[in-house]
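Data block below; observations after.
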Amino acid sequence: MIRKREFYGNPINNTRRVERVLKLIKFLSEFRTIREINKHLSIHEKSVQRYLNLMVQLGFDVEVKMGKCHSYRITNTQEYFEVA
């Protein structure tokens with residue numbers, strides 16, 4: 001028999017940030033500008049920079065495409081999310 005796990009214990013205080021990180025990882029499968037990211041996540045542009053730095057700190061390969069507006073994407077998500 002298979003069932004879904006139920007929540008036990010105390011709630012995590014900052015689930016919104018975790019949700020944003022997961023959305024950002026998914027959104028950056030293609031090159032995106034800071035403005036596109038901030039609109040998608042509904043956060044300030046400075047916060048986008050912090051999240052991009054967090055992605056690098058967590059071990060994600062964040063590529064930067066130089067141009068009029070820099071664009072960013074993550075290229076190694078399969079290392080973390082590949083289903084066996």
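Just so you know, residue 1 is the first one in the sequence shown, and it goes up from there. Note that these values count all heavy atoms, side chains included, but never hydrogens, waters or copies made by symmetry. All values reported here derive from a predicted model rather than from experimental measurement.
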Just how far is it from atom [atom1] of [X] to atom [atom2] of [Y], taken to the nearest 0.5 Å?
{"X": "Ile43", "Y": "Leu24", "atom1": "CD1", "atom2": "CG", "answer": "7.5 Å"}
{"X": "Thr77", "Y": "Ile25", "atom1": "OG1", "atom2": "CD1", "answer": "8.0 Å"}
{"X": "Phe31", "Y": "Lys65", "atom1": "CZ", "atom2": "NZ", "answer": "5.5 Å"}
{"X": "Thr33", "Y": "Glu45", "atom1": "OG1", "atom2": "CD", "answer": "8.5 Å"}

For this session: With the side chain counted from C-beta on, respond yes when His40 and Glu36 share a heavy-atom pair under 4.5 Å apart, and no when they do not.
Result: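 SC-SC contact between His40 and Glu36 ruled out.
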Exercise. Looking at Tyr72, does the NZ or CZ of Arg32 lie under 6.0 angstrom from its six-membered ring centre and within 45 degrees of the ring axis?
Worked result: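 No.
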For this session: Determine, stepwise, if the pair Glu30 / Leu28 fulfils side-chain contact (heavy atoms from CB on, under 4.5 Å).
Result: CA-CA 5 Å; Glu30 299 177 19; Leu28 289 181; over 6 Å; no
For this session: State plainly whether one hydrophobic cluster holds both Tyr80 and Leu22, where clusters connect Ile, Leu, Val, Met, Phe, Trp and Tyr through side-chain heavy atoms under 4.5 angstrom apart.
Result: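 Tyr80 does not cluster with Leu22.
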Problem set entry | hydrophobic_cluster_shared for Val18 and Phe27, side chain cutoff 4.5 Å |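 Shared cluster, no.
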Considering only distance and modelled atom types, tabulate donor-acceptor pairs under 3.5 Å from the side chains of residues 47-61, sequence neighbours left out.
from: Ser47; atom 1: OG; to: Arg50; atom 2: NH1; distance (Å): 3.4
from: Tyr51; atom 1: OH; to: Arg20; atom 2: NH1; distance (Å): 3.3
from: Asn53; atom 1: ND2; to: Gln49; atom 2: O; distance (Å): 3.4

Exercise. Is it true that atom NZ of Lys23 has more than 12 heavy atoms of other residues, nucleotides or ligands lying nearer than 6.0 Å?
Worked result: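 Atom NZ in Lys23 is crowded, with more than 12 foreign heavy atoms closer than 6.0 Å.
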Exercise. Residues in side chain to side chain contact (heavy atoms under 4.5 Å, CB included) with Lys39, at least two apart?
Worked result: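 Residues passing side chain to side chain contact (heavy atoms under 4.5 Å, CB included) with Lys39: Arg35.
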Problem set entry | Which residues share a ring-ring contact (aromatic ring centres under 6.0 Å, His included) with His70, sequence neighbours left out |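 Checked His70 against ring-ring contact (aromatic ring centres under 6.0 Å, His included); zero matches.
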